Amino acid sequence: MVNHRIIDDQNTELSAEDLAALRENLHEQRRFRQEQLHQLSAAAASRADALPARRSAAQLEVSVKLAASARLVLADVEAALTRMDLGHYGTCHLCRGPIARVRLLIVPQARFCARCQQVKEAGR
């Protein structure tokens with residue numbers, strides 16, 4: 001007999017252990033993004049003199065886009081940590097309802113519940 005595990009995506013209760021694990025995950029993400037930005041900055045500075053102008057411009061464009069993405073994720077992570085500190089973590093920014101536990105475990109910096117995220121993305 002096969003045992004199928006059902007994931008309850010309506011469960012919004014976060015235990016103290018969940019919060020501690022989520023906080024550590026967010027801190028790890030913050031460290032990673034800060035290091036990524038540092039490496040991108042150092043690589044851009046060392047590349048500027050070493051490559052022909054055309055190739056350097058293309059690599060610079062990629063680096064700029066990667067850095068912009070890393071800064072956005074870092075800002076989301078910082079905002080999630082602030083929400084934790086203020087006791088607002090796990091509340092959707094649009095509907096003010098709870099964000100499902102499973103969603104937070106997958107995307108700890110989530111600002112929206114799954115329904116509001118879909119609505120937001122459909123409106124783009």
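Owing to the predicted nature of the structure, the values given are computational and were not obtained by experimental measurement. This chain uses plain numbering: 1 for the first residue, then up along the sequence. All heavy atoms count here, side chains included; hydrogens, waters and symmetry mates do not.
- The cluster map of Ile, Leu, Val, Met, Phe, Trp and Tyr, joined by side-chain heavy atoms under 4.5 Å apart, puts Leu81 and Leu74 in different clusters.
- Leu72 is linked by a side chain to side chain contact (heavy atoms under 4.5 Å, CB included) to nothing, counting only residues two or more places apart in sequence or in another chain.
- Annotation for His38: atom NE2 does not count as buried by contact number, only 12 or fewer foreign heavy atoms lying within 6.0 Å.
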Using the rule given for salt bridge (charged side-chain N to carboxylate O under 4.0 Å, His left out), can you reason through Arg23 versus Asp18, listing the C-alpha separation, both sets of side-chain angles and the distance that settles it, and then say yes or no?
CA-CA 8 Å; Arg23 183 179 295 276; Asp18 289 337; over 6 Å; no
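- Residue Ser63 holds its OG atom at 11.5 Å from CD of Gln39, rounded to the nearest 0.5 Å.
- Among all heavy-atom pairs drawn from Arg101 and Glu13, the shortest one is CD-O, 3.1 Å.
- The line from CD of Gln34 to CD of Glu78 is 6.5 Å long, rounded to the nearest 0.5 Å.
- If you take OH on Tyr89 and CE on Met84, they are separated by 4.5 Å, rounding to the nearest 0.5 Å.
- With rounding to the nearest 0.5 angstrom, the CG atom of Leu19 is 9.0 Å from the CD atom of Glu17.
- When each of Glu35, Gln29, Gln36, Glu28 is paired with Phe32, the side-chain contact (heavy atoms from CB on, under 4.5 Å) condition holds for Gln36 and for no other.
- Salt bridge present: Glu24 and Arg31 bring a charged side-chain N and a carboxylate O closer than 4.0 Å.
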Which atom pairs, donor and acceptor, lie under 3.5 Å between side-chain atoms of residues 113-120 and protein residues at least two apart or in another chain?
from   : atom 1 : to     : atom 2 : distance (Å)
Gln117 : OE1    : Arg103 : NH2    : 3.4
Gln117 : NE2    : Glu121 : OE2    : 2.9

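- The minimum heavy-atom distance between Leu104 and Gly90, with the atom names listed, is CD1-CA, 3.8 Å.
- A single hydrophobic cluster is seen to contain both Leu40 and Val62, as judged by linkage of ILVMFWY side chains at heavy-atom distances under 4.5 Å, directly or through other members.
- Here the side chain of His93 pairs a donor or acceptor atom with the backbone of Arg111 at under 3.5 angstrom.
- Taking the charged nitrogens against the carboxylate oxygens, Arg30 and Asp76 have no contact shorter than 4.0 Å, which rules out a salt bridge.
- In terms of heavy atoms, Leu37 sits closest to Ala67 at CD2-O, 3.5 Å.
- The same ILVMFWY cluster, assembled from side-chain heavy atoms under 4.5 Å apart, contains both Ile99 and Leu105.
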Test side chain to side chain contact (heavy atoms under 4.5 Å, CB included) applied to Val77 and His27, step by step:
CA-CA 8 Å; Val77 167; His27 281 291; over 6 Å; no
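- To the nearest 0.5 Å, atom OG1 of residue Thr91 and atom CG of residue Leu86 are 11.5 Å apart.
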